[in-house]
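Handing you a structure now.
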Protein chains: 2
Amino acid sequence: MANKVKFERDKVVYLASQLFWQKGFHATSTRDLQDAINMRPGSIYAAFGSKEGLYRESLKDYTLQMQSQIQGFLATSDTIVGGLRAFVESVVIAKKDCNPSAICMLVKANNEFATKDETLYELSLDLLAQFESDLIELFKQAQLNNELSNAVTAQEYAQFFQVQFTGLRGYFNRPNNIHLAPKMINQMFALLRKL
Amino acid sequence: MANKVKFERDKVVYLASQLFWQKGFHATSTRDLQDAINMRPGSIYAAFGSKEGLYRESLKDYTLQMQSQIQGFLATSDTIVGGLRAFVESVVIAKKDCNPSAICMLVKANNEFATKDETLYELSLDLLAQFESDLIELFKQAQLNNELSNAVTAQEYAQFFQVQFTGLRGYFNRPNNIHLAPKMINQMFALLRKL
DNA sequence: TTTGATTTTGAGCGACCGTTCAAGTTAAAA
DNA sequence: TTTTAACTTGAACGGTCGCTCAAAATCAAA
């Protein structure tokens with residue numbers, strides 16, 4: 001009883017994550033955030049505790065968004081590998097200009113907080129490990145479906161996928177020669193099937 | 001005539017680059033730098049102009065160090081591909097704990113300054129493009145030496161190399177499962193020869 | 001309509017940022 | 001030895017940082 005919150009938490013976290021994703025944690029000021037999410041310091045600190053608190057929630061939300069995006073592609077593909085491929089294509093090619101960065105926010109976080117004593121570094125490790133677990137489950141299922149051989153383990157497929165995916169996104173963060181992306185994605189999945 | 005500079009510029013730039021490499025540009029304060037390179041603000045600004053000036057020189061120096069490191073491995077290998085492989089192994093496996101970061105400083109820079117209007121973003125693009133040019137020349141030579149087929153271009157070899165190398169370094173930035181690195185490097189070079 | 005718990009506001013705090021510059025120190029030239 | 005231009009020092013400046021909190025605004029319950 002009394003007053004009700006006026007901001008939509010989901011929307012605020014989304015807007016904050018877009019800004020953090022673009023600029024990184026340290027280069028984003030609380031004034032930048034105030035403008036982006038249209039909230040005053042008092043409300044922000046009542047709702048999220050600190051700049052780091054808002055970042056933590058933003059990064060977790062980003063991970064959830066990415067996972068549901070993958071689920072979407074899997075739902076409209078007849079194979080798991082095909083779904084993953086559609087996901088990779090959409091991220092590397094289509095979204096190149098409408099995303100805040102070509103590079104995964106999770107990877108950017110893991111790069112920015114490189115020293116082991118930072119709590120945000122630990123958070124990035126946790127979320128990356130969780131993502132890898134999900135990938136492993138997907139590749140296990142792909143093997144059961146006879147989409148992929150059993151010559152290597154599901155974990156090795158997941159590792160290969162992450163190395164390639166992260167490598168590609170980093171490479172195409174450079175603005176030139178984006179036209180090479182389809183060929184390199186073809187190559188990635190051709191190699192995946194030959195592992 | 002008058003006084004002579006007391007600091008060794010090479011050593012100072014090296015120490016600064018180690019700190020910038022570890023913490024990134026924004027998270028490194030000028031006080032951090034003062035301690036690391038043992039210079040007072042006045043001397044730093046007389047010698048480098050600004051924090052950004054010192055960073056620019058650090059990043060360029062890092063690139064030179066990396067290139068001369070590659071030259072060293074090439075000189076002690078009988079093949080170009082073998083030299084590149086020794087370089088990759090030394091960076092991904094051996095140097096994991098004695099380098100400020102598992103991730104290439106050039107890649108970290110390219111990730112940190114993601115917006116196109118930043119001059120440091122342009123610098124990272126220039127240095128990355130220069131590195132790719134050098135790689136292309138190496139792969140051209142490897143093709144002439146019949147180490148690699150002509151089925152794909154030297155540029156495609158260079159692109160594949162960079163995607164794999166960056167992907168691997170990013171993946172092994174996570175502290176766990178480093179023991180998988182040799183196998184994944186084997187895989188990388190096995191795939192390279194099959195392109 | 002009044003009450004009162006809750007949320008929002010934004011001025012402003014102390015700390016730290018990148019940077020400056022007057023004063024002190026140094027050593028080659030005179 | 002004196003001069004003097006170049007280098008080093010470190011206190012301190014204006015600005016921005018993350019964050020606080022008293023006051024105003026809001027709205028369900030009484």
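All chains are named by letter (A, B, ...) in the order of the sequence lines, taking the proteins before the strands, and each is independently numbered beginning at 1.
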>> Quick one, Phe160(A) with Phe165(A), criterion ring-ring contact (aromatic ring centres under 6.0 Å, His included). Give me CA distance, side-chain angles, the key distance, then yes/no.
In response: CA-CA 8 Å; Phe160(A) 179 84; Phe165(A) 190 36; over 10 Å; no
>> Could you tell me how far apart Gln34(A) (CD) and dG18(D) (P) are, to the nearest whole angstrom?
In response: 9 Å
> If you check the Arg40(A) side chain, which of dT9(C), dA28(D), dT20(C) turns out closest?
Replying inline: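 Among dT9(C), dA28(D), dT20(C), the one nearest the side chain of Arg40(A) is dT9(C).
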> Between Tyr45(A) and dC19(D), is there a side-chain N or O to OP1/OP2 distance below 4.0 Å?
Replying inline: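 For dC19(D), OP1/OP2 do have a side-chain N/O of Tyr45(A) under 4.0 Å.
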>> In this structure, how many angstroms lie between the C1' atom of dT8(C) and the CG atom of Asn38(A), rounded?
In response: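 Taking CG of Asn38(A) and C1' of dT8(C), I get 12 Å after rounding.
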> Expressed in angstrom and rounded to an integer, what is the separation of Leu54(B) atom CG from dT19(C) atom C1'?
Replying inline: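 So the two atoms are 14 Å apart, to the nearest Å.
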> Which part of the nucleic acid, if any, lies within contact of Thr30(B), taking any heavy atom under 4.0 Å across all strands shown: a base, the sugar-phosphate backbone alone, or nothing?
Replying inline: base
>> Just the rounded figure in Å: distance from P of dC17(C) to CD1 of Ile44(B).
In response: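 Ile44(B) atom CD1 is separated from dC17(C) atom P by 13 Å.
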> Counting side-chain heavy atoms from CB outward, which of dT8(D), dT20(C), dT7(C) is closest to Val5(B)?
Replying inline: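 Minimum distance to the Val5(B) side chain belongs to dT8(D).
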> Taking atom types as modelled and ignoring hydrogens, do the side chains of Tyr14(A) and Glu8(A) form a donor-acceptor contact shorter than 3.5 angstrom?
Replying inline: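 No, because no side-chain N or O of Tyr14(A) sits under 3.5 Å from a partner of the opposite role on Glu8(A).
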>> Listing request: all salt bridge (Lys or Arg N to Asp or Glu O under 4.0 Å) pairs with a residue in residues 32-46 of chain A, at least two apart in sequence or in separate chains.
In response: Lys23(A)-Asp32(A)
> Asp35(A) CG to dG10(C) P: how many Å, rounded?
Replying inline: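 So the CG-P distance, Asp35(A) to dG10(C), works out to 13 Å.
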> Parallel, tilted or perpendicular for Tyr157(A) and Phe139(A), by the 30°/60° rule?
Replying inline: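 Tyr157(A) vs Phe139(A) ring planes: parallel.
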> Base, sugar-phosphate, or nothing for Ser43(B), non-hydrogen atoms under 4.0 angstrom?
Replying inline: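 Base contact.
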Would you be so kind as to tabulate the donor-acceptor pairs closer than 3.5 Å made by side chains of residues 183-195 of chain B, with sequence neighbours excluded?
from: Lys183(B); atom 1: NZ; to: Glu156(A); atom 2: OE2; distance (Å): 2.6
from: Asn186(B); atom 1: OD1; to: Arg85(B); atom 2: NH2; distance (Å): 2.2

> When the distance from NZ of Lys23(A) to C1' of dT16(D) is rounded to whole Å, what number comes out?
Replying inline: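 Distance check: Lys23(A) NZ to dT16(D) C1' gives 13 Å.
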>> Nearest heavy atom decides the nucleotide; on that basis, is Ser29(A) or Arg31(B) closer to the 5' end of DNA chain D?
In response: Arg31(B)
> Is Lys51(A) near enough to dG18(D) that one of its side-chain N or O atoms lies under 4.0 angstrom from OP1 or OP2?
Replying inline: yes
> Which part of the nucleic acid does Phe7(A) contact within heavy-atom distance under 4.0 Å: base, sugar-phosphate only, or nothing?
Replying inline: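 It contacts sugar-phosphate atoms only.
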